[in-house]
Amino acid sequence: GIVPYAGLTFGLSENFKDQYSKRVGEVTPMARFVMSGLSGLVAQSLTYPLDIMRRRMQVYPEMYPDLRTTVTRIWHGEGAAGFFKGLSMNWIKGPIAM
């Protein structure tokens, strides 16, 4: 969802900037750009399983009627990788959409 993603992106970006300024000094525009991109990538990767579960519940409500069933079916049917199907395409799509 957007709330966990946005919260993680903001928190990570601020943390990266704080750590950078403590170790290196002033945060340059290029460093800020790289840190923002990295925080978005990490946040997207961490919240992607939520999107997978939401999408399955919306598209196949008979097969995935609730969160518990959704998690169980994905885990037993596809393993941990099932929660990250399509993530690499999302990494490519993100910067292009900007």
Side-chain angles (χ1 to χ4, degrees):
I2 189 67
V3 173
Y5 169 77
L8 273 171
T9 302
F10 179 75
L12 288 168
S13 182
E14 290 301 311
N15 192 321
F16 290 159
K17 286 188 277 186
D18 288 345
Q19 294 300 318
Y20 185 90
S21 65
K22 287 177 187 173
R23 292 191 169 112
V24 179
E26 183 181 346
V27 181
T28 64
M30 181 53 82
R32 186 180 309 271
F33 175 76
V34 169
M35 287 182 274
S36 295
L38 183 60
S39 63
L41 183 79
V42 171
Q44 185 178 49
S45 300
L46 291 173
T47 59
Y48 194 74
L50 298 173
D51 283 336
I52 288 287
M53 291 182 288
R54 175 190 53 80
R55 218 172 298 126
R56 298 242 181 135
M57 291 170 71
Q58 286 177 333
V59 175
Y60 307 107
E62 302 81 23
M63 187 180 236
Y64 302 100
D66 55 51
L67 188 59
R68 184 179 197 159
T69 304
T70 303
V71 170
T72 304
R73 285 206 170 138
I74 293 172
W75 183 262
H76 290 297
E78 304 166 52
F83 292 99
F84 296 94
K85 273 187 173 175
L87 178 59
S88 58
M89 287 307 294
N90 237 32
W91 289 337
I92 294 168
K93 174 183 85 171
I96 293 172
M98 294 177 135

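- When the side chain to side chain donor-acceptor pair (under 3.5 Å) test is applied to T69, the partners found at least two apart in sequence or on another chain are D66.
- Considering CG of L12 and CD of Q19, their distance stands at 11.5 Å, rounded to 0.5 Å.
- For V71, the side-chain contact (heavy atoms from CB on, under 4.5 Å) partners are M53, L67, F83, not counting sequence neighbours.
- The line from CE of M63 to CE of M57 is 14.0 Å long, rounded to the nearest 0.5 Å.
- In this view, Q58 and R54 satisfy the side chain to side chain donor-acceptor pair (under 3.5 Å) rule, not counting sequence neighbours.
- Partners of E14 according to the salt bridge (charged side-chain N to carboxylate O under 4.0 Å, His left out) rule, which considers only residues two or more places apart in sequence or in another chain, are K17.
- For R68, there are no side chain to side chain donor-acceptor pair (under 3.5 Å) partners, not counting sequence neighbours.
- Nearest approach of T9 to A43, heavy atoms of both residues: OG1-CB, 3.3 Å.
- F84 contributes atom CZ, which lies 7.5 Å from atom OG of S45 (distance to the nearest 0.5 angstrom).
- In this structure, OH on Y64 lies 11.0 Å from OG1 on T72, to the nearest 0.5 angstrom.
- Although no hydrogens or angles enter the test, the distance criterion places a donor-acceptor pair under 3.5 Å between the side chain of S39 and the main chain of S36.
- Hydrophobic cluster membership is shared by V59 and I74, with clusters built from Ile, Leu, Val, Met, Phe, Trp and Tyr side chains linked at under 4.5 angstrom.
- Connection of M30 to V27 is not established within any shared hydrophobic cluster, with ILVMFWY side chains joined at heavy-atom distances below 4.5 Å, either directly or through further cluster members.
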Quick one, M35 with L38, criterion side chain to side chain contact (heavy atoms under 4.5 Å, CB included). Give me CA distance, side-chain angles, the key distance, then yes/no.
CA-CA 5 Å; M35 287 182 274; L38 183 60; 5.7 Å; no
Test side chain to side chain contact (heavy atoms under 4.5 Å, CB included) on L8 and L46 and set out the steps.
CA-CA 9 Å; L8 273 171; L46 291 173; 4.1 Å; yes
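- There is no path of hydrophobic side-chain contacts, each under 4.5 Å, that joins V34 to W91.
- In this structure, the separation between OH on Y5 and CZ on F10 is 14.0 Å, given to the nearest 0.5 Å.
- Within the structure, salt bridge (charged side-chain N to carboxylate O under 4.0 Å, His left out) pairs that include any residue of residues 18-37 do not occur (at least two apart or interchain).
- Contacts of S21 classified as side chain to side chain donor-acceptor pair (under 3.5 Å), with partners at least two apart in sequence or in another chain: none.
- Within the structure, the side-chain hydrogen bond (donor to acceptor under 3.5 Å, both in side chains) test picks out the following pairs touching residues 73-89 (sequence neighbours left out): R56-E78, E78-K85.
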